[in-house]
Amino acid sequence: MPTQNIRVRIAPSPSGNLHVGTARTALFNWLYAKKYNGKFILRIEDTDAERSEEKYVQNIFDSLKAIGLNWDEGPDVGGEYAPYKQSERQEFYDKYSAKLLESGHAYYCWCTQEELEAEKELAKQEKRDFIYSGKCKNLSADQIEKYKTEGRKPVVRFSIPPKKLKFNDLIKGEIEFDTALTGDIVIMKSNGTPTYNFAVVIDDLEMKISHIIRGEDHISNTPKQILIYEALGVEVPQFAHLGMILAPDRSKLSKRHGATAVSEFINQGYLPEAFVNFLAFLGWSSPDGEEIKSPEEIANLFSLDRVSSNPAIFEFDKLNWMNGVYIRNLPIRDLAQRCGKYLGKYDLSCYSESQLDLIIDSVRKNLVKLDEISDLVSYFFGEDVNIDNELKQNVLISDESKKVLADFLEFAENFDYNNIEKIHEQFDKFRERMKPLKPKQIMPPIRAALTGLNHGADLAVIISVLGKDRVTKRIKANL
RNA sequence: GCCCCCAUCGUCUAGAGGCCUAGGACACCUCCCUUUCACGGAGGAGACCGGGAUUCGAAUUCCCGUGGGGGUACCA
């Protein structure tokens, strides 16, 4: 059980908005830090200048904050091991690369892309796997001089010692690789910047990362990284690899499956707290079997040995259910405020705050995502209401319906419009008077005339909010 | 191709040799509640990938298949 100096990190690359997979990895790191009193660090891996963009850095910040994952150290808040952007850490890569060069663990490789391609082609013809030959490892001074005058820019390669390498993954258990199957890897590109496998190691080492919790797409990088730690003579961190998050068709979650970025989900009206709760249970399970939990509660119960090692499919059904649970449990004022941004098409000023609360409250049980609120409350706005022909045919045109509406109109004269309880009572009286007609014959026409729909909020609430004028008007329109 | 990971209801999972006639949650079905849709409540259906081996006993251990996923870059 880890107890001291736990330092974990999330290291997203700003080549896109924060992906749900990355968010889930971030969450597990955050939970681990929280549970064991460690530090959670955010590092931006922007070595690939081509694909990195500042707007994505911002999106990563915003998304992480939105789901409550605050970091102890990072590009914006700084920290003891700053800077926290790879693009600003060049000196470290240079320093360690020189060190490896000096100790003989790395060497300059002058091979051109074409030469490498040729080697690959040859390997293919001979039906063997391509492994870099290492031919630049022992170059003569003359040869090197010749390459230099040709204007070739070398890469730095790390020589992979062939051996059976075992490591104990905190989630997967023991994993063994034969490093002889890996050729010497490039650690510094010819433009002088580090490759991913080198940069992570150096950063994690410099930032004193104790546990690396990441997606299992990194398992095969792990032996290369361990070898670099070893060559540097430093302590190797602990590794824990999470199963992937897959789309319902078992393929990698991508745009064609819908939203993949945390911000997209939030924009659609998934509550951040519901979303993060959902993410936590994608791979982790609570010992008490309960599934509605706050990040703090989860952190208390969290442990890596309750993290499953299989891939998890991202199913919307459960997310939707969970979001509904959170929506139903939210204080109404809070909910109403959050719904505000989805209600832009209505003139909200015609209602008081408490009326708005009442409106939202009357439909929240039907609300799955916040962006659905607009449709659910449509009939509370405007003077009139559209009723499609089918509904008219079904519940409004019969003589019986007309009679109900006419009687109702008369009755509605004396409703106590400001008192929902009273309206309920008066409704009861109305139904009493309409006997032998059944409720099912009485209510639908009234609802249809008032809302243009065959389902929705409690009628007493609708009547109260609409007020006498609009109730009268909408009923008369259907007589 | 080669390397690595994974394999329990449709889905997320519980399960660390006998507690399993395999438990929970979502989804699904039925019923109840009800002015509608929902919400809520009560039930139901639904799984250990296949084959060997170990053992008195295997969902649980080990092999071999099969299936899925990942990696195999001067991308991260």
Side-chain angles (χ1 to χ4, degrees), chain A residues 11-16 45-48 50-52 86 109 111-113 116 120 124 127-131 153-157 169 171-173 175-179 181-183 185-197 199-200 215-223 241 243-244 246 248 250-252 278 281-292 305-306 308-322 324-325 328 363-368 376 395 424 427-428 431 438-448 451 453-460:
Chain A
S13 127
S15 52
E45 308 219 328
D46 56 353
T47 25
D48 187 353
E50 295 281 299
R51 296 193 301 162
S52 298
Q86 282 192 335
C109 169
C111 295
T112 60
Q113 294 291 359
L116 261 13
K120 277 181 198 169
K124 201 171 166 187
K127 294 192 175 190
R128 56 177 171 81
D129 293 321
F130 168 71
I131 295 174
K153 292 259 182 283
V155 299
V156 177
R157 275 188 198 271
D169 189 285
I171 292 172
K172 307 267 184 192
I175 301 179
E176 190 183 62
F177 282 90
D178 181 357
T179 65
L181 268 17
T182 307
I185 57 166
V186 174
I187 56 174
M188 293 295 271
K189 306 178 203 171
S190 54
N191 67 4
T193 62
T195 57
Y196 165 76
N197 277 121
V200 252
E216 71 178 349
D217 46 338
H218 285 289
I219 288 184
S220 48
N221 286 326
T222 309
H241 289 96
M244 301 270 86
L246 268 26
R250 300 205 133 264
S251 70
K252 214 168 183 173
F278 173 73
F281 280 84
L282 230 43
W284 177 78
S285 63
S286 173
D288 67 11
E290 298 291 321
E291 298 191 297
I292 301 292
D305 43 55
R306 289 197 71 85
S308 115
S309 63
N310 29 8
I313 290 174
F314 193 101
E315 282 280 0
F316 284 82
D317 280 339
K318 196 155 190 171
L319 208 211
N320 287 339
W321 163 75
M322 208 174 254
V325 171
R328 274 170 249 132
V363 299
R364 79 203 285 188
K365 60 193 185 318
N366 293 292
L367 193 54
V368 174
L376 290 178
V395 297
H424 270 125
F427 236 118
D428 289 343
R431 291 208 302 255
K438 293 193 164 68
K440 281 195 193 306
Q441 295 165 293
I442 301 168
M443 309 308 266
I446 298 174
R447 176 177 295 283
T451 70
L453 299 170
N454 55 10
H455 59 84
D458 178 76
L459 272 178

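Just so we're on the same page: letters track the sequence lines, and every chain starts at 1. All heavy atoms count here, side chains included; hydrogens, waters and symmetry mates do not.
Taking atom CZ of residue A:F427 and atom P of nucleotide B:rU34, one finds them 17 Å apart after rounding to whole Å. Atom NE2 of A:H424 and atom C1' of B:rU34 are 11 Å apart (whole Å). Rounded to whole Å, atom P of B:rU13 lies 17 Å from atom CG of A:D288. Here B:rG10 presents its C1' atom at 8 Å from CD of A:E315, a figure rounded to the nearest Å. Across the protein-nucleic acid pair, A:D178 atom CG and B:rC3 atom P stand 9 Å apart, rounded to whole Å. A straight line from CD1 of A:I171 to P of B:rA16 spans 20 Å, rounded to a whole angstrom. Here B:rC3 presents its C1' atom at 17 Å from CZ of A:R128, a figure rounded to the nearest Å. Between the NZ atom of A:K124 and the P atom of B:rC2 there is a distance of 16 Å, rounded to whole Å.
In this structure A:I292 satisfies the side-chain contact (heavy atoms from CB on, under 4.5 Å) test together with A:N277, A:W321, A:M322, A:V325, A:Y326, sequence neighbours excluded. Applying the salt bridge (charged side-chain N to carboxylate O under 4.0 Å, His left out) rule to A:D458 yields no partners; only residues at least two apart in sequence or on another chain are considered. Evaluation of the side-chain contact (heavy atoms from CB on, under 4.5 Å) rule for A:S251 yields A:A247, A:D249, A:R256, A:H257 as partners, not counting sequence neighbours. Here A:R328 pairs with nothing under the salt bridge (charged side-chain N to carboxylate O under 4.0 Å, His left out) rule; sequence neighbours left out. Partners of A:E45 according to the salt bridge (charged side-chain N to carboxylate O under 4.0 Å, His left out) rule, which considers only residues two or more places apart in sequence or in another chain, are A:R43. Taking the salt bridge (charged side-chain N to carboxylate O under 4.0 Å, His left out) definition, one finds that A:R447 meets it with nothing, sequence neighbours left out. Scanning for side-chain contact (heavy atoms from CB on, under 4.5 Å) contacts around A:P154 gives A:Y108, A:W110, with sequence neighbours left out. The ring-ring contact (aromatic ring centres under 6.0 Å, His included) check on A:F314 picks up A:F265, A:F278, A:F316, with sequence neighbours excluded.
Among the protein residues, A:D129 comes within range of the nucleic acid bases, having at least one heavy atom under 4.0 Å from a base atom. As judged by a 4.0 angstrom heavy-atom cut-off over every strand, A:G283 is placed among residues touching the sugar-phosphate backbone only.
Residue A:R306 places its side chain closer to B:rA14 than to any other of B:rC3, B:rA14, B:rC5. Minimum atom distance to the side chain of A:N310 is reached by B:rA7, of the listed B:rA7, B:rC5, B:rA27. Closest approach to the A:R328 side chain among B:rG40, B:rU35, B:rC12 is made by B:rG40 (side chain taken as heavy atoms from C-beta onward).
The nearest pair of heavy atoms linking A:I131 to A:T182 is CG2-C, 4.1 Å. Heavy atoms only, all atoms of each residue included: A:E315 and A:P248 are closest at OE2-CB, 4.3 Å. In terms of heavy-atom proximity, A:I171 sits nearest to A:D169 at N-OD1, 2.8 Å. Nearest heavy-atom pair, A:E290 versus A:F281, reported as atom, atom and distance to 0.1 Å: O-CZ, 3.4 Å.
Rounded to the nearest Å, the gap between the C1' atom of B:rU55 and that of B:rG70 is 36 Å. Between B:rC56 and B:rC49, the two P atoms lie 25 Å apart (nearest whole Å). As rounded to the nearest Å, B:rA16 and B:rA76 have C1' atoms that lie 36 Å from one another. Comparing B:rG46 with B:rG23, their C1' atoms are spaced 14 Å from each other, to the whole Å. Across the C1' atoms, B:rC12 and B:rA27 are found 11 Å apart, a figure rounded to whole Å. Rounded to whole Å, the C1' atom of B:rA22 lies 10 Å from the corresponding atom of B:rC9. Nucleotides B:rA58 and B:rU11 have their C1' atoms positioned 26 Å apart, rounded to a whole Å. A distance of about 30 Å separates the C1' atoms of B:rU21 and B:rC63, rounded to the whole Å.
Using a 4.5 Å heavy-atom threshold, the side chains of A:L376 and A:L367 count as touching.
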When you check every protein heavy atom under 4.0 Å of nucleotides 69-76 of chain B, what one-letter string (B, S, -) results, 5' to 3'? SSS--BBB
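Rounded to the nearest 0.5 Å, atoms CG (A:L459) and NE2 (A:H424) are 8.5 Å apart.
Take the nearest nucleotide of RNA chain B for A:A312 and for A:I175: the residue whose nucleotide is more 5' is A:I175.
Looking only at atom types and distance, the side chain of A:N310 has a donor-acceptor partner in the side chain of A:S308 under 3.5 Å away.
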Are any protein N/O atoms closer than 3.5 Å to N/O atoms in nucleotides 36-38 of chain B? If there are, list each pair with its distance.
residue : atom : partner : partner atom : Å
B:rU36  : OP1  : A:K440  : NZ           : 3.3
B:rU36  : O2'  : A:N454  : O            : 2.7
B:rU36  : O2   : A:G456  : N            : 2.5
B:rU36  : O2   : A:G456  : O            : 3.4
B:rU36  : N3   : A:R447  : NH2          : 3.1
B:rU36  : N3   : A:G456  : O            : 2.7
B:rC37  : O2   : A:N366  : OD1          : 2.9
B:rC37  : O2   : A:N366  : ND2          : 3.0
B:rA38  : O4'  : A:N366  : OD1          : 3.2
B:rA38  : O2'  : A:K365  : O            : 2.6
B:rA38  : O2'  : A:N366  : OD1          : 3.1

Each nucleotide N or O in nucleotides 21-25 of chain B that has a protein N or O under 3.5 Å away: list the pair and distance.
residue : atom : partner : partner atom : Å
B:rA25  : O4'  : A:E291  : OE1          : 3.4
B:rA25  : O2'  : A:E291  : OE1          : 2.6
B:rA25  : N3   : A:K318  : NZ           : 3.0

Quick test: give all pairs of protein nitrogen or oxygen and nucleotides 60-63 of chain B nitrogen or oxygen below 3.5 Å, distance rounded to 0.1 Å.
none

